[in-house]
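What follows is a set of notes on a single structure, which appears directly below.
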4 protein chains.
Amino acid sequence: MRKTPTQARSRATVERILEAGRQVLIDDGYETFSTNRVAVAAGISPGSLYQYFSDKASILDIVISRYWEDVSERTAAALALQASSSTGTPAIRSVADALLAGLEQDPALLRVLTEELPASRNRDRHAALVNRVRDLTAAYLRAGSDAMTRPDPQITAWVLVVAMENVALRWVLDRPPYPREAVLEEMVALTAGYLGHATS
Amino acid sequence: MRKTPTQARSRATVERILEAGRQVLIDDGYETFSTNRVAVAAGISPGSLYQYFSDKASILDIVISRYWEDVSERTAAALALQASSSTGTPAIRSVADALLAGLEQDPALLRVLTEELPASRNRDRHAALVNRVRDLTAAYLRAGSDAMTRPDPQITAWVLVVAMENVALRWVLDRPPYPREAVLEEMVALTAGYLGHATS
Amino acid sequence: MRKTPTQARSRATVERILEAGRQVLIDDGYETFSTNRVAVAAGISPGSLYQYFSDKASILDIVISRYWEDVSERTAAALALQASSSTGTPAIRSVADALLAGLEQDPALLRVLTEELPASRNRDRHAALVNRVRDLTAAYLRAGSDAMTRPDPQITAWVLVVAMENVALRWVLDRPPYPREAVLEEMVALTAGYLGHATS
Amino acid sequence: MRKTPTQARSRATVERILEAGRQVLIDDGYETFSTNRVAVAAGISPGSLYQYFSDKASILDIVISRYWEDVSERTAAALALQASSSTGTPAIRSVADALLAGLEQDPALLRVLTEELPASRNRDRHAALVNRVRDLTAAYLRAGSDAMTRPDPQITAWVLVVAMENVALRWVLDRPPYPREAVLEEMVALTAGYLGHATS
DNA sequence: TATGAATGAGAGTTCATTCAT
DNA sequence: TATGAATGAACTCTCATTCAT
């Protein structure tokens, strides 16, 4: 402890700033997100922010990155796990479930990130998620290719991911009057029909 | 709009402002969209903006409305036309085609609207489009219900529209390396599989 | 009529503008008094205002002048009439009454003129009123000088007018909870005591 | 005030702003009083104003408050002191003197405040002053009521204060050609006559 | 290192006035 | 003469960033 007192303190300050940034984003929205607000929320002075972050954008960047990495991690984990341990519609259901769960986990931040931030801000992080899931899906499709009716696993994976993601996203954010279970069922049906599986 | 322009000159000015607004949006992006920039781009003085528009937001509103009305009009027209004149996969293909075409028509503005504006700005307009298409789709599903394998046309229509929209949107904006024809084919397969049609 | 059709129309327009100016002043207050508003209220175009008035100030000037001339006329008339036809406290009461009546006649405009306009705007007009009343008062004092206990009619007249005016003005505008009759009585007592008259 | 300045530097800045506000008011008048002018006069940037003042009005408010508090303090102090230590005309003279002195102390600012500001801006502050003096006067009248010839101390005090205030104010601002001594004498006579005292 | 005072460019907006029609 | 579109300087206010302490 003695060795790195300032480093430990620094790290704590950085965390305080990031958490404050997250809160300000959720509470006040993106348009009123300002370095001064973040500084106040973090209990430090505006000048001190610049000891740890080069500018406003870099605070945002990290808050955003963390969020999407979280979602990505969770979803990919579920996918890796379920896809290998099961096949057919049970596997599909597990993945869809993981996707919903990933997005449901912090809807307040999700809303701000997807509805208030310029999408370009999320772009790279979000693309990374999509690609990751897409590649895993493609691999999975190739593996169980016997039943597949689509010719190109790449494009099929892309279509699936893009379609599923939006269904999950809109359901979480817009809360249309359909129960989670029903939406999950439809997502499975959509995927299974597309891939040529029989839905029981 | 503040004043209803009666003279030809003022109607021309309003058009110049709106077109300038569109250009500034495309060229400079949403974050730097400012009344002064619009005025310069329109070749008028800042004060003149306020003869016809109550504030910055109302200029944006109209630029946005016009865009989505355009897309909505085109897509719905195609849907109404094609869906009635054909059935099965040809009809589905027509609708997917209309959707793609609608979004392809002004991709630069589409990009700014969907990627840079806070989604809340598009929200109502966009929701109107989605609802319109969803209701048409639901009606269509009910009509040809014989072949339908899904239990609830409402939720099925919603899932379809949300899924299709994102596939079309991401393809237009992200330009993944898949030819239009192939994507269209996948969209049809996705829909047909979901609805239980046989894909020839 | 034929000879001066435009002149007659002009005159009517000028009147419309002045009346509109008065109304805008009363309804919207001085701070939001603008040439555009006046033009709208007068039912003419902003450009036309400048056919008849050189600028915003000159409209205001005339509205103000008219008001104070009105008050001045009424009060002076009463003073001239009453002061000659009676003497002692009855005359004083008449004058005070005239003063109150003059200010009571258009309190809405009075309020705006005295409370919202920079006093400098009223200055000359108001000074004219004060001087007029002061001179009449001085003359009156000189005439009935037998009873007078003050040495200099000029200063005495000035003090009287300034004091009375404010009592009347504040009573009309601030509406303190004293009946008109009582205030009148006090004004008479104040004057009579000052001039050395016996109050019955 | 937005922020409570803690450092000596910032307290100095606040003072500089207020003094600059006072100067701009005196030099340029109320109509051209602008935050930019104040900032320039204070030798600071426009943004710095807003560290300590929420808006333009709040700067004005404090400049105005300070002025009237000063006048009020001085006048009331004189009144409290003199009125108790003496009686009859000497006491009256002291009060009138205090009133004149209070208003004479910063005539340039007094002029702007009373002649250029919408009266509503001074209203509360000014009313506070009037009420304070009126109540002190009423109390004084009740105390020495033996000689009083007026029935209601409240209304009498109000009339006195309103009348006296205007005599003093107009003398300070309009500088009529009467020596201070003479005006004081008349004020005493006016009051004494009104209250039924004998003027020596 | 931490502070918080200070910065200043640039934002949105108004309105008295001008001028082409 | 009358119109109303157009002007543009000036306004109030914000906030990412810097810098003296």
Side-chain angles (χ1 to χ4, degrees), chain A residues 5-6 9-10 13 32-40 43-57 59, chain B residues 3-14 16 31-39 42-59, chain C residues 5-6 9-10 13 32-40 43-57 59, chain D residues 2-14 16 31-39 42-57 59:
Chain A
T6 54
R9 196 144 63 93
S10 287
T13 306
T32 50
F33 179 91
S34 79
T35 50
N36 287 343
R37 259 173 219 250
V38 173
V40 168
I44 61 171
S45 77
S48 297
L49 273 188
Y50 289 83
Q51 224 89 51
Y52 303 100
F53 295 91
S54 59
D55 56 10
K56 175 170 124 160
I59 300 174
Chain B
K3 219 189 254 181
T4 319
T6 56
Q7 299 185 0
R9 183 160 59 126
S10 57
R11 239 171 302 135
T13 302
V14 168
R16 289 236 302 290
E31 301 244 290
T32 50
F33 180 90
S34 80
T35 52
N36 285 346
R37 260 171 218 251
V38 173
I44 61 171
S45 81
S48 296
L49 285 183
Y50 291 87
Q51 298 263 358
Y52 306 104
F53 298 94
S54 57
D55 54 12
K56 176 170 115 155
S58 75
I59 300 176
Chain C
T6 53
R9 195 145 62 95
S10 287
T13 305
T32 51
F33 179 91
S34 78
T35 51
N36 287 343
R37 258 172 218 250
V38 173
V40 168
I44 62 172
S45 78
S48 297
L49 273 187
Y50 290 83
Q51 224 89 52
Y52 303 101
F53 296 91
S54 59
D55 55 9
K56 175 170 125 160
I59 302 174
Chain D
R2 217 170 222 184
K3 218 189 252 180
T4 318
T6 55
Q7 298 184 2
R9 182 159 62 125
S10 57
R11 240 171 301 135
T13 302
V14 168
R16 288 237 301 291
E31 301 243 290
T32 50
F33 180 91
S34 81
T35 51
N36 284 347
R37 261 171 218 251
V38 173
I44 62 171
S45 81
S48 295
L49 284 184
Y50 291 87
Q51 297 264 357
Y52 306 104
F53 298 94
S54 58
D55 55 12
K56 177 170 113 153
I59 300 176

Per atom distances to the B/R9 side chain, the nearest of F/dT7, E/dG12, F/dA5 is F/dA5
C/K56 NZ to E/dC15 P, in whole Å, measures 8 Å
Given B/F53 and B/V14, is the side-chain contact (heavy atoms from CB on, under 4.5 Å) satisfied, shown in steps?
CA-CA 9 Å; B/F53 298 94; B/V14 168; 4.1 Å; yes
Here the gap from C/I59 atom CD1 to C/L49 atom CG, rounded to the nearest 0.5 Å, amounts to 4.5 Å
Output for pair (C/T13 OG1, C/Y52 OH), nearest 0.5 Å, gives 4.0 Å
The answer to which of C/D55 and D/I44 contacts DNA chain E further toward the 5' end, by nearest nucleotide, is D/I44
When we call it a touch if two heavy atoms are under 4.0 Å apart, what does D/L49 touch: a base, just sugar-phosphate, or nothing? nothing
B/F33 CZ to E/dG12 C1', in whole Å, measures 12 Å
Mind checking if B/F53 touches a base, just sugar-phosphate, or nothing, with heavy atoms under 4.0 Å?
nothing
Classify the nucleic acid contact of A/S34 as base, sugar-phosphate or nothing, counting any heavy atom under 4.0 Å across all strands shown.
-> sugar-phosphate
Walking DNA chain E from its 5' end, the first of B/T32 and B/G47 to be reached, judged by nearest nucleotide, is B/T32
Note: A/Y50 and A/D55 closest approach over all heavy atoms is CE2-CA, 4.0 Å
Q: Return no unless some side-chain N or O of D/Y50 is found under 4.0 Å from OP1 or OP2 of F/dT14.
A: no
Residue pair B/S45/D/R37 against DNA chain F: nearer the 5' end by closest nucleotide is B/S45
- Has the side chain of B/Q51 got a donor or acceptor that lies under 3.5 Å from a partner of the other kind on the base of F/dA6? yes
Re E/dA2: Watson-Crick or G-U wobble partner, both distances kept under 3.5 Å, found to be F/dT21
- prompt: Within the structure, does a side-chain N or O atom of A/S48 lie under 4.0 Å from either OP1 or OP2 of E/dT3?
  reply: yes
Residue pair B/Y52/A/A57 against DNA chain F: nearer the 5' end by closest nucleotide is B/Y52
Which of F/dA9, E/dG4, E/dT17 is nearest the side chain of C/P46? It is E/dT17
(Q) Measuring to OP1 and OP2 of E/dA5, would you say a side-chain N or O of D/T13 lies under 4.0 angstrom away? (A) no
Review point. Base, sugar-phosphate, or nothing for D/N36, non-hydrogen atoms under 4.0 angstrom?
Key: base
Phosphate contact (F/dT12 OP1 or OP2) by D/T35 side-chain N/O below 4.0 Å:
yes
inquiry  = Counting C-beta onward and ignoring hydrogens, is there a side-chain heavy-atom pair between D/P46 and D/N36 closer than 4.5 Å?
reply    = yes
